[in-house]
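Following: one structure in C-alpha cells, then a few remarks.
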Amino acid sequence: MKQFILMIGLVFAFALSAADLPKCEDSESTLSHIEGKWELANDIIKSMHGEAIAAVFTTGEITFTKDDAVLTLFSALEAEGKCAHFAGMFSMKFVEDGKAEALSSPFAIVEYKGNWAIMHEERGFKGGDHIHDMHPFITSFANAIADKNDVLFIGGDNADEPQLAFKRAK
C-alpha cells in the first residue's frame, strides 16, 4: 500500500512539474493574427536597412499555424514566469547570400527582454529544459485596416539587430 501511495505521489508530482506553458489572458491579442503565410518584403527591408541588407535576403516566406498542443514543449518558459500569446508550428524558407535555407519548428510567442519574441529551437526541437535551450526571434506586428496590408517584422535575438519585413501572402 505504501508503494502504491508513493507511486501515485510521484506521478502527481511529475504531472505538476511537466506543466504546459500557460496561455496569456490576452492570447487573442494582435499577435494572434500572425497565423498564415507571409512573404519577404524586400522593398520595406531596403527602405529600413539599405541595399546591403536587402541584398542578403533575396526571397523568403514564413508560415505560422496555430497548435496549442506544442505548449507542452515550452514548460521551461513557464518556470521563468512566461505565458504564451500564441503558439503553434512555423516553417520558414529563404535565400540568404545565394544559399537556400529552411527551418521548421514549434514556437510560442512570449515577452522576452521587453519585446515580443517567437521562441523556438533551431535544430530539432524536442522541448527545452531551460530557457537557454531556446532561440528568440524579436517580433513586431503592424496591423493594417485591411489584413492584406499587415506587416510582420522578425529579427534576431537582440532588438538592435536588423529585422526582416514580411507581408501577407496573396
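Since the structure is predicted, the reported quantities are computational estimates derived from the model, not experimental observations.
For the pair Lys37 and Glu61, the salt-bridge criterion is met [side-chain N within less than 4.0 Å of a carboxylate O].
A distance of 9.0 Å separates CH2 in Trp38 from CD1 in Ile154, rounded to the nearest 0.5 Å. Here the CG atom belonging to Asp43 is positioned 3.5 Å from the NZ atom belonging to Lys167, to the nearest 0.5 angstrom. Atom-to-atom distance recorded for Thr72:OG1 and Phe74:CZ is 9.0 Å, nearest 0.5 angstrom. Going from atom CD of Glu39 over to atom CG of Leu152 covers 12.5 Å, rounded to the nearest 0.5 Å. Taking CD1 of Ile62 as the reference point, atom CZ of Phe90 lies at 5.5 Å (rounded to 0.5 Å). Considering CG of Asn143 and CD1 of Ile34, their distance stands at 12.0 Å, rounded to 0.5 Å.
Lys82 places a side-chain N or O within 3.5 Å of a backbone atom of Glu111 that can act as its donor or acceptor partner. A donor-acceptor pair under 3.5 Å is formed between the side chain of Glu35 and the backbone N or O of Lys66. Not a single donor-acceptor pair under 3.5 Å links the side chain of Asn149 to the backbone N or O of Ala144.
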| request: Report the C-alpha separation of Ile44 and Val151 in whole Å, then their side-chain angles, then the decisive distance to 0.1 Å, and conclude whether the side chain to side chain contact (heavy atoms under 4.5 Å, CB included) test is met. | output: CA-CA 9 Å; Ile44 297 173; Val151 180; 4.0 Å; yes

* Kindly determine whether Arg168 and Asp147 satisfy side chain to side chain contact (heavy atoms under 4.5 Å, CB included), including the steps that lead there. => CA-CA 8 Å; Arg168 284 199 188 274; Asp147 285 351; 4.0 Å; yes

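The hydrophobic cluster containing Phe94 also contains Leu164, counting ILVMFWY residues as joined when their side-chain heavy atoms lie under 4.5 angstrom apart, directly or transitively. Cluster membership for Leu103 and Ile118, using ILVMFWY side-chain heavy atoms within less than 4.5 angstrom, is shared. Under the 4.5 Å side-chain heavy-atom criterion for Ile, Leu, Val, Met, Phe, Trp and Tyr, Ile45 and Val56 are members of the same hydrophobic cluster. Under a hydrophobic clustering in which Ile, Leu, Val, Met, Phe, Trp and Tyr are joined whenever their side-chain heavy atoms come within less than 4.5 Å, directly or via other members, Met92 and Ile109 fall into the same cluster.
Heavy atoms only, all atoms of each residue included: Ala87 and Asp68 are closest at O-OD1, 4.3 Å. The two residues Leu73 and Pro106 come nearest to each other via the heavy atoms CD1-CG, 3.6 Å. Shortest non-hydrogen contact noted between Val70 and Met89 is CG1-SD, 4.2 Å. Between Pro162 and His49, the closest heavy-atom pair is CA-CE1, 3.6 Å. Minimum interatomic distance between Ala84 and Leu71 (heavy atoms only, all atoms of both residues): CB-CD2, 3.6 Å.
Between Phe107 and Phe64, the ring centre distance stays below 6.0 Å.
Using a 4.5 Å heavy-atom cutoff, the side chains of Phe141 and Asp150 are in contact. Side-chain contact between Glu101 and Val95 is absent, with no heavy-atom pair separated by less than 4.5 Å.
Classified by interplanar angle (parallel below 30°, tilted 30° to 60°, perpendicular above 60°), the ring pair His85/Trp116 is perpendicular. Taking the six-membered ring for Trp and thresholds of 30 and 60 degrees, Phe137 and His120 have ring planes inclined between 30 and 60 degrees apart.
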